[in-house]
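Here's the structure we're looking at; comments come further down.
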Amino acid sequence: MVKRIIILLVIVFFAIIIFPLLKVDPTDSLSSLATKYIRDGADELGSANLVTSIVVTYRGLDTLGEVAVLFIATAGVGFLLRKKKNSSANKRRKSSEILSSGTSFLVPIIFLFGVYIFTHGHLTPGGGFQGGVVIASGVLLLMLSDVSLKFNHFLLSAIESFSGFFYIIIGILGLFLAGGFLDNRIFSLGTFGNIFSAGAIPIIYSLLGIKVGSELVGILGNLRDSE
Amino acid sequence: MAEIIYNISAIIALAGMIIALYRMVKGPSIADKAIALDVMTIISISLIVYIAAISQKIIYTDVALVYALISFIGVIAIARYLERGL
Amino acid sequence: MITIIVIVLGLIMIIAAFLAIYQKNLVAAVISAGVISLLASILYLLLAAPDVAMTEAAIGSGLTTVVFLYAISKIKKKDGE
Amino acid sequence: MLMLIGSLITLIGSIFLFLGALGILRMPDVYNRMQAGTKATTLGTILFLAGLALGYSHCTCWPRILTLILFIVFTNPISSHALARAAHHIGINLTEKSVTDKLAEDEAENGEKL
């Protein structure tokens, strides 16, 4: 009885907190830093999506930290789960004909869509993380339809480390050619709203997408192939 | 006039979502709950495009594209788990 | 109109959260958690954050479900031995 | 005028969505619920999106809506099929009124689970 009452009180408490959020106008009171980003961000960095320019350039070091956190998670999963000695792939039930032919039709579309998301990160909502997750979902569909799919874990970790390496290289290039670490103005800004604009943001987002996608595929492959 | 009909359509779709939730609460087997999840996904894709239309922002439809392409993988994973193929 | 959508979706999310906690069957709880992230992404869209909505849609509906199901199947295998 | 036509198409689509949801509530067993929840909602979504694209043509561009409809038409039957096959494999019974079960007949003929 006491438990029920406590649950009810918690719900009422959160309702009181959350209900005023319905009337929030996202533009009413901004801090001075946010005002500066909104006023100068589009002219300074040339990206049509302001969130992208904040995440990649103004707060680029935070994004680097997030990718490092994801890398540590992958390493932890690979460290904790033991490798299976005898493969028990034939114990799993095979998928049906419709699922495998539908997969062979849909997986290229999913990969293409993931590439679209991370190369258009400076124009549409989306970016490296979202595109990487979409690509990992395509590989996941392959795993679900094909029980004997083998992963080359060495190749995955090589792709992941090289994309991380080039990400850091671009960041250091910003120190020499432009204003600071991870500055995107090392290339010309281009026309506002084109695909080839906003300096290094599309390149950084492509590297991020490849890195996140290979890390998530590594986690899923480790989960499947372990005991 | 047309806006009122659009709003009525969205409310009917929301009512469909509530009915699907009732099947998810009640559903005797796991497969019933997975069907309810499938129907709720489809109705939410419709609602996302409705929100994109009435708030006059084209880029919101990208979220619906991600939904239509990704969310069926979850249902397939549940099915493969049930038939011991995961 | 937007207010009606927010209230109905919030109520459905609360019911699905209760289901996810109180259900005995673990797979049913995973499905309920999937419903929560499904509706949370619509709410993010209504709060004018399409980036977050896209992340929630991609991760919540596909990947976390599969990771949970892998974990449950590993636990079941350990219990069976 | 175009907006009125679009809104009526959207209304028809939303009624199909509602009927699909009502089908998964009222139908007697898993397989019947599945066909109500797939066929009716696929048609309903196509009509809903087409009506919105017709009415708000200045802010929802046609190519995106067409791509969305194509994705739904491709992905929805695959997930439904996988779920139906899994439900048959774990032995969920058909309702008493159903007259035929071709998958069970095939499995009895081949002597193995397909």
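Hydrogens, waters and symmetry mates are skipped; everything else that's a heavy atom, side chains included, is used. All figures in this text were calculated on a predicted structure; none of them were measured in a lab. Chain letters run A, B, ... following the sequence lines, proteins first and then strands; every chain starts at 1.
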Completion exercise
Looking only at heavy atoms, the pair that brings B/Val63 and C/Pro50 closest together is CG2-O, 4.0 Å
Problem - Minimum heavy-atom distance between C/Ala33 and C/Ala20, given as atom pair plus value - result: N-CB, 4.4 Å
Checking heavy atoms, do the side chain of [X], its backbone, both or neither come under 4.5 Å from chain C?
X	answer
B/Leu21	side chain
B/Val25	both
B/Ile30	both

Practice task
Begin with the C-alpha distance, continue with both residues' side-chain angles, and end with the deciding distance and a verdict on side chain to side chain contact (heavy atoms under 4.5 Å, CB included) for B/Met1 and B/Ile5.
Solution key: CA-CA 7 Å; B/Met1 183 64 195; B/Ile5 298 178; 4.0 Å; yes
Atom [atom1] in [X], atom [atom2] in [Y]: separation rounded to 0.5 Å?
X	Y	atom1	atom2	value
B/Ser71	B/Met40	OG	CE	12.5 Å
B/Ile78	B/Ile73	CD1	CD1	12.5 Å
B/Glu3	B/Ile54	CD	CD1	10.0 Å
B/Tyr67	B/Ile48	OH	CD1	5.5 Å
C/Leu45	C/Ile5	CG	CD1	10.5 Å

Under 4.5 Å heavy-atom distance to chain B, tell me which part of [X] shows up: side chain, backbone, both or neither.
X	value
C/Ser32	both
C/Thr55	neither
C/Gln23	side chain

Handout entry: Partner chain C: residue of B/Leu65, B/Ile76, B/Ile70, B/Asp62 with the largest heavy-atom pair count (under 4.5 Å)
Key = B/Asp62
Completion exercise
Most heavy-atom pairs under 4.5 Å with chain C, out of B/Val75, B/Leu14, B/Leu82, belong to B/Leu14
Largest heavy-atom contact set with chain B, pairs under 4.5 Å, which of [options]:
options	answer
C/Leu38, C/Leu63, C/Ile72, C/Ile2	C/Leu38
C/Gly60, C/Gly62, C/Ser41	C/Ser41
C/Val66, C/Thr65, C/Val8	C/Val8

Practice task
Assess the side chains of B/Asp32 and B/Ser29: does a donor N or O sit below 3.5 Å from an acceptor N or O?
Solution key: yes
Problem - Donor + acceptor pair across side chains of B/Ser9, B/Tyr50 (<3.5 Å) - result: no
Problem - chain B contact residues among residues 10-19 of chain C, heavy-atom distance under 4.5 Å - result: C/Ile12, C/Ile15, C/Leu19
Practice task
Can you establish whether the number of heavy atoms outside C/Phe68 located under 6.0 Å from its atom CZ is more than 12?
Solution key: no
